[in-house]
There are 2 protein chains.
Amino acid sequence: MVIIVTLKDIAKEANVSVMTVSNVIHKRKAKVSEKTEKKILEIIKKYNYTPNMSARSLVNNSSKLIAFILYQNRKDERNLFENPFNTEVLAGVDEVLKENDYYLLVQSVSTLEEIYLIIKTWRAAGVIILGILPNEVSHLKGNIDTPVVLIDTIIPNEAGSIYTVGIDDRDGFRIATEHLIANGHRDIGFVSYSRILGGVDEQRYLGYVDVLEAHGIEIIDDRIFRYNKDEMNMDEFCNEIAKKKNLITGLVFTADFLAIEVMNSLRSKGITIPDEISVVGFDNLSISKFVTPKLTTVHQDITTKGKEAANILLEVFKENESDRSGIKLPVQLVERESVKNIEFEK
Amino acid sequence: MVIIVTLKDIAKEANVSVMTVSNVIHKRKAKVSEKTEKKILEIIKKYNYTPNMSARSLVNNSSKLIAFILYQNRKDERNLFENPFNTEVLAGVDEVLKENDYYLLVQSVSTLEEIYLIIKTWRAAGVIILGILPNEVSHLKGNIDTPVVLIDTIIPNEAGSIYTVGIDDRDGFRIATEHLIANGHRDIGFVSYSRILGGVDEQRYLGYVDVLEAHGIEIIDDRIFRYNKDEMNMDEFCNEIAKKKNLITGLVFTADFLAIEVMNSLRSKGITIPDEISVVGFDNLSISKFVTPKLTTVHQDITTKGKEAANILLEVFKENESDRSGIKLPVQLVERESVKNIEFEK
DNA sequence: CTGAAAGCGCTTACAG
DNA sequence: CTGAAAGCGCTTACAG
């Protein structure tokens with residue numbers, strides 16, 4: 001049976017005070033003789049003593065809990081845990097926290113208030129947030145002194161207890177777009193989810209623009225596609241793309257997930273990929289190599305994002321600051337089968 | 001700023017005792033006059049008072065925390081949160097818990113001891129476990145009195161505080177196998193992960209056998225493939241299948257994830273699907289409709305598994321028992337493109 | 001209807 | 001080196 005033993009029980013059996021036991025648990029070697037320490041350690045082991053975190057959190061006014069928040073203020077019938085990107089980040093967080101005796105409290109929320117509530121309720125030691133918009137960060141900053149790390153949110157300057165981890169989105173998208181150029185494409189379209197001011201997609205769009213401008217190619221509105229679920233469904237959206245077929249030889253996507261859905265729909269409309277339209281994705285989800293054609297994409301190490309977020313928090317707990325914050329994780333092109341070289345066709 | 005206010009602060013401002021405040025929070029209407037209640041409620045609202053869960057857990061000797069455990073005792077470099085099946089269950093748990101003021105503590109573990117540790121450390125109110133083997137359940141049963149619900153673990157009888165949710169695996173696999181029969185197949189192979197005694201795959205195998213026997217088809221060892229990662233890699237495994245190509249017209253898989261990987265590998269070996277081999281999966285992952293050919297599979301509602309697990313726990317907290325336990329969620333065939341009708345070819 | 005008291009399991013000064 | 005005391009924020013009998 002899982003028997004629950006308290007400090008008091010250990011103290012009684014060892015014939016010492018509760019706080020001597022506390023001292024050996026906290027390894028304050030100077031405060032207790034080797035002999036007593038050994039005796040106490042044995043009893044602790046014998047009963048497999050585990051400290052009660054509630055009691056600890058209460059006196060410390062802080063728990064060993066890290067809140068992992070999936071945030072989305074727009075309503076969406078899909079639970080955010082169904083998105084593999086989010087849960088791959090979670091995988092990374094889980095891995096480093098459990099090796100450092102911190103625990104993971106997870107929740108998907110749709111308001112900032114819910115985040116504050118969790119922090120207050122559990123006196124969370126730190127918070128990791130996915131999906132918060134740049135313009136909401138100042139509200140956060142004004143309300144929290146718990147360390148927070150934001151994943152994939154771009155903020156002008158990191159002040160106070162706000163830290164970030166991300167990738168170089170703009171450069172990543174230059175890589176994607178250059179790959180199409182290198183394969184002879186000039187009529188290149190851009191596909192993303194609906195526009196969010198200051199979000200990562202904006203940076204990626206800039207990367208797209210950078211490359212076209214560098215090659216003297218005009219940016220044409222008709223080649224920009226933004227998928228807004230509230231306005232139309234996937235099929236209608238792909239009809240829009242199909243209509244512009246003749247203006248496009250290649251498409252860069254801000255997310256593999258979106259690219260996969262669109263490819264699937266375009267194919268059902270009789271458009272062949274990559275013969276008629278080449279496709280470059282972004283993320284390199286684990287499923288991207290199983291779709292047809294196998295998706296050429298820009299790889300980012302999603303799990304590492306989670307690991308870094310956790311490491312930043314750990315560093316802040318220890319040193320009260322972190323120089324890992326603001327890091328941009330590397331990205332890398334992964335060539336597969338969704339891009340056709342059309343250099344010699346013209 | 002997120003200001004942290006305690007019962008004592010509220011009591012002082014309201015000129016009442018701490019426990020009168022406590023009484024209004026717990027809605028013990030009989031114990032406090034309407035007038036005082038109203039006054040206190042206003043102050044609570046004004047300061048946005050949030051109870052400190054650590055303090056509550058300490059006095060109650062139980063927290064509002066549900067531990068969601070991903071368990072796997074074999075070593076594997078993949079983190080369990082990278083498996084979409086697991087996180088879709090998590091999505092369901094998240095949804096019901098957050099509407100009932102319970103919180104979700106998640107961790108992937110590789111020993112039962114780690115599970116006990118989490119329960120003791122946090123005085124978890126309940127536990128949800130994925131991936132525990134039938135023969136480990138008795139150990140669990142002997143050691144825990146916290147309510148536990150097991151997902152996809154088959155146990156002989158539900159006793160004590162152990163509850164289960166699952167599907168009818170045997171019948172689900174009959175459906176998969178019958179579909180191949182209905183399309184003219186008789187040389188049907190079975191593909192699963194490595195054998196686990198008493199696991200869901202064993203039930204699925206029995207469903208496979210049921211159907212073949214009902215149709216007078218002999219069960220042939222050469223048509224049974226078990227993928228054991230420790231023994232060989234995916235490529236080698238698919239070579240084994242390719243070798244037996246002539247013994248097989250169709251394959252039933254115990255998991256879409258496995259089916260997708262195998263299809264991919266077989267194709268790279270020049271085997272066309274479904275022309276040479278038809279494939280039926282199991283699970284209906286959200287990615288299964290995007291692979292080529294689109295996977296025909298047996299759908300199960302994974303998110304509902306998580307919801308039901310959470311609901312069982314909630315019911316046990318309230319009524320001290322649950323009649324939802326042991327439920328088998330429905331399954332359903334989803335026809336797509338990975339099965340060829342060969343009835344008229346022979 | 002209202003409140004004083006004890007206690008949950010721990011930690012942190014402080015005294016010896 | 002060891003321990004008695006106070007307190008973290010809450011709840012639960014119990015007394016009035």
Side-chain angles (χ1 to χ4, degrees), chain A residues 2-41 43-44 47-65 101 117 119-125, chain B residues 2-41 43-44 47-65 101 117 119-125:
Chain A
V2 169
I3 291 170
I4 289 184
V5 174
T6 69
L7 273 196
K8 208 202 275 183
D9 300 324
I10 306 285
K12 190 185 286 178
E13 177 136 347
N15 269 317
V16 296
S17 74
V18 161
M19 22 146 341
T20 298
V21 181
S22 177
N23 279 330
V24 346
I25 285 171
H26 289 283
K27 299 199 174 63
R28 302 193 226 281
K29 302 259 181 191
K31 295 212 167 190
V32 37
S33 74
E34 224 172 281
K35 190 165 150 258
T36 346
E37 188 191 6
K38 196 169 159 242
K39 181 173 62 176
I40 293 173
L41 248 21
I43 299 175
I44 285 178
Y47 291 105
N48 200 3
Y49 167 76
T50 310
N52 181 332
M53 279 297 173
S54 302
R56 268 199 188 167
S57 309
L58 183 58
V59 324
N60 293 333
N61 197 30
S62 171
S63 68
K64 288 279 184 183
L65 248 18
D101 291 317
L117 186 65
I119 295 175
K120 282 165 70 172
T121 302
W122 294 102
R123 306 294 192 264
Chain B
V2 170
I3 290 171
I4 289 183
V5 174
T6 68
L7 272 196
K8 209 203 273 180
D9 300 324
I10 305 285
K12 190 185 285 178
E13 177 135 346
N15 270 316
V16 296
S17 74
V18 161
M19 24 146 338
T20 299
V21 181
S22 177
N23 279 330
V24 347
I25 286 171
H26 289 283
K27 301 198 172 63
R28 303 193 225 279
K29 303 258 181 191
K31 296 211 166 192
V32 36
S33 73
E34 226 172 278
K35 188 166 152 257
T36 348
E37 188 190 8
K38 194 166 161 247
K39 180 171 63 174
I40 293 174
L41 248 19
I43 299 176
I44 285 178
Y47 290 106
N48 200 2
Y49 167 76
T50 311
N52 182 331
M53 278 297 174
S54 303
R56 268 199 188 167
S57 309
L58 183 58
V59 325
N60 292 334
N61 196 31
S62 171
S63 67
K64 287 279 183 184
L65 248 20
D101 291 316
L117 186 65
I119 294 175
K120 280 165 71 173
T121 302
W122 293 102
R123 307 293 193 263

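Convention: sequence-line order gives letters A, B, ...; per-chain numbering from 1.
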So do A:Ile25 and A:Tyr49 actually touch side chain to side chain, heavy atoms under 4.5 Å?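 Yes, close enough: below the 4.5 Å cut-off.
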Should D:dG16 form a Watson-Crick or G-U wobble pair with both distances under 3.5 Å, which nucleotide is its partner?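 Matched D:dG16 with C:dC1 under the 3.5 Å cut-off.
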A:Thr20 side-chain N/O to D:dG3 phosphate OP1/OP2 under 4.0 Å: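 Yes, such a contact exists.
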What contact category does A:Thr36 fall into here, base, sugar-phosphate, or nothing, at under 4.0 angstrom with non-hydrogen atoms?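 Sugar-phosphate only.
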Grab the CD1-C1' distance between A:Ile40 and D:dT2 for me, whole Å please.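 Atom CD1 in A:Ile40 sits about 10 Å away from atom C1' in D:dT2.
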For atom CD of B:Glu34 and atom P of C:dC1, their distance in whole Å: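 Atom CD in B:Glu34 sits about 9 Å away from atom P in C:dC1.
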Taking atom types as modelled and ignoring hydrogens, do the side chains of B:Thr20 and B:Asn23 form a donor-acceptor contact shorter than 3.5 angstrom?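 On atom types as modelled, these side chains do not qualify, holding no pair under 3.5 Å.
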Testing the 3.5 Å rule here: is there a donor-acceptor pair between the side chains of A:Ser54 and A:Ser57?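 Looking only at side-chain atoms, A:Ser57 and A:Ser54 do not form any donor-acceptor pair under 3.5 Å.
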Looking at [Y], is its backbone amide N or carbonyl O close enough to the side chain of [X] to form a donor-acceptor pair, meaning the two atoms are under 3.5 Å apart?
X	Y	value
B:Thr50	A:Lys120	no
B:Lys39	B:Ala14	yes
B:Asn60	B:Arg56	yes

Protein heavy-atom contacts under 4.0 Å, written 5' to 3' over nucleotides 7-13 of chain D as B (base), S (sugar-phosphate only) or - (none), form the string BBBBBBB
